[in-house]
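Note that ligands are numbered from 1 as they come in the structure, with each ligand's atoms numbered from 1 the same way. Excluded from the calculations below are hydrogen atoms, water molecules and symmetry mates; all remaining heavy atoms, backbone and side chain alike, are included.
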Amino acid sequence: MIKINPEKDALVVVDVQNDFCPGGALAVPEGNRVVPVINGLAPHFKHVFYTQDWHPASHISFKEQGGIWPPHCVADTKGAALHPNLRLDFEKAVQVKKGVEPDKEAYSGFQRTDLAERLRKANIKRLMVTGLATDYCVKSTVLDALKAGFKVIVVKDAIRGVEVKPGDSAAALDEMTRAGARVSRFSDII
Ligand code: VGL
Ligand code: ZN
């Protein structure tokens, strides 16, 4: 069992946006399935941080610009909006937008944002990481969090992967574990 310490633990919700859910521009298989798990976790936390992929229309990661992805999460579009069923306390939860510069990719919530600073200011020591996608933004966020000195628990049933190649999510989980993250499930927490 893992007991949440509301003073020192933060819930981190990565990119639970329409474009990463079934029907979206860069759909993650079963991406929507993370939503009820996150909704179950969120009320137990005092500190909640959520990231949104937030790209200009001509972002470097898009195919037309030589990137590998279809256009997705274009700023202020429905695709960039959070999944409509995601229930966070939006009065208190902290939003972090990433990938906002046309010529810079940013998979990690820590990349070119003030996330680390804000977590430290709030005296957070440990992150429970959830969201999309396991093999891209979740992985990068977890690895950067560890590098920044935070403890990390990855909530396995609250993440899903793109799986550009089958096995990418398992490999990503392995990499996160080797870097020092602990993998847990919703039922182990509280
Ligand atoms: C992501 C691909 C492109 C993600 C973002 O949130 O994992 N993946 N942009
Ligand atoms: Zn993106």
Side-chain angles (χ1 to χ4, degrees), residues 10-35 37-38 48-86 88 93-113 115-116 127-147 152 154-177 179 181 183:
L11 179 65
V12 175
V13 180
V14 177
D15 297 3
V16 181
Q17 294 166 269
N18 290 320
D19 271 345
F20 295 128
C21 292
L26 209 174
V28 172
E30 300 186 339
N32 57 309
R33 301 268 297 263
V34 305
V35 172
V37 185
I38 296 167
V48 177
F49 292 75
Y50 63 100
T51 67
Q52 280 176 273
D53 213 30
W54 201 259
H55 297 316
S58 62
H59 191 248
I60 190 174
S61 75
F62 298 172
K63 281 176 184 152
E64 301 89 289
Q65 271 63 241
I68 63 169
W69 305 116
H72 63 277
C73 298
V74 172
D76 294 310
T77 63
K78 190 180 169 212
L82 296 171
H83 188 288
N85 297 344
L86 186 65
L88 303 179
V94 177
Q95 181 191 45
V96 176
K97 289 176 177 168
K98 63 183 181 60
V100 300
E101 294 159 287
D103 56 339
K104 301 254 176 5
E105 179 53 295
Y107 288 132
S108 159
F110 289 90
Q111 219 171 334
R112 309 176 74 81
T113 72
L115 179 56
L127 312 181
M128 270 73 157
V129 180
T130 63
L132 307 170
T134 307
D135 34 5
Y136 288 91
C137 290
V138 170
K139 179 180 89 171
S140 295
T141 300
V142 166
L143 296 178
D144 276 355
L146 292 165
K147 277 184 211 144
V152 177
V154 181
V155 188
K156 201 177 176 185
D157 40 356
I159 59 174
R160 288 293 188 283
V162 187
E163 298 269 311
V164 172
K165 287 200 299 341
D168 280 357
S169 293
L173 266 174
D174 223 62
E175 199 178 332
M176 293 186 259
T177 306
V183 178

J.: Check the orientation of H55 and F62. Use parallel for under 30°, tilted for 30 to 60°, and perpendicular for over 60°.
T.: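 Answer is perpendicular, since the angle exceeds 60°.
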
J.: To the nearest 0.5 Å, what is the distance between CG (D19) and CH2 (W69)?
T.: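 Going from CG on D19 over to CH2 on W69, the span is 12.5 Å.
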
J.: Is it the case that more than 12 heavy atoms not belonging to K104 sit under 6.0 Å from its NZ atom?
T.: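 Count over threshold, so yes.
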
J.: Hey, is the main chain of S169 close enough, under 3.5 Å, to the side chain of E163 for a donor-acceptor pair?
T.: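 Side chain of E163 to backbone of S169, a donor-acceptor pair under 3.5 Å: yes, one is there.
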
J.: Within the structure, is a non-hydrogen atom of H72 found at a distance of less than 4.0 Å from ligand 1?
T.: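 Heavy atoms of H72 do come under 4.0 Å of ligand 1.
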
J.: I'd like to check which ligand 1 atoms, numbered from 1 as shown, lie under 4.0 Å from a non-hydrogen atom of D15.
T.: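 Atoms satisfying the 4.0 Å criterion: 4 (C), 6 (O).
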
J.: On a heavy-atom basis, I'd like to know which of D19, V28, I68, D53 is closest to atom 5 (C) of ligand 1.
T.: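 The nearest heavy atom belongs to D53.
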
J.: With a 3.5 Å distance limit and no angle check, can you tell me whether E30 reaches the backbone of R160 through a side-chain donor-acceptor pair?
T.: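 Between the backbone of R160 and the side chain of E30 there is no qualifying donor-acceptor contact (under 3.5 Å).
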
J.: Could you tell me whether some N/O pair between A133 and ligand 1 is separated by less than 3.5 angstrom?
T.: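 Indeed, backbone or side chain, A133 has an N or O that close.
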
J.: How about M176 and T134: do any of their side-chain heavy atoms sit closer than 4.5 Å?
T.: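 Result yes, sub-4.5 Å side-chain heavy-atom pair found.
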
J.: Regarding atom 7 (O) of ligand 1: of the candidates S61, G109, C137, which has the closest heavy atom?
T.: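 Looking at heavy atoms only, the winner is C137.
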
J.: No waters, cut-off 2.8 Å: how many protein N, O or S atoms are close to the Zn ion (ligand 2)?
T.: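 The number of such protein atoms is 3.
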
J.: Is it the side chain (CB and beyond), the backbone, both or neither of V14 that lies under 4.0 Å from ligand 1, heavy atoms counted?
T.: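 No part of V14 is near ligand 1 at this cut-off.
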
J.: Check whether any side-chain heavy atom of P84 sits under 4.5 Å from a side-chain heavy atom of N18, and report yes or no.
T.: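 Yes, close enough: below the 4.5 Å cut-off.
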
J.: Is the shortest heavy-atom distance from the side chain of V37 to the side chain of T130 under 4.5 Å?
T.: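 A side-chain contact is absent here, since even the closest heavy-atom pair is not under 4.5 Å.
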
J.: Return the residue, atom name and 0.1 Å-rounded distance of the protein heavy atom closest to atom 8 (N) of ligand 1.
T.: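 Protein heavy atom with the smallest distance to atom 8 (N) of ligand 1: Y136 CB, 3.8 Å.
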
J.: Is it the case that the side chain of D135 and the backbone of V162 share a donor-acceptor pair, with hydrogens and angles ignored and the cut-off at 3.5 Å?
T.: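 Between the backbone of V162 and the side chain of D135 there is a qualifying donor-acceptor contact (under 3.5 Å).
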
J.: Using the side chain to side chain donor-acceptor pair (under 3.5 Å) rule, pick out the option among K98, Q52, H72, H83 that qualifies with D15.
T.: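 With D15 as partner, side chain to side chain donor-acceptor pair (under 3.5 Å) holds for just one option, K98.
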
J.: Of all the non-hydrogen atoms in the protein, which one sits nearest to atom 2 (C) of ligand 1, and at what distance?
T.: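 The closest one turns out to be W69 CE2, 3.4 Å.
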
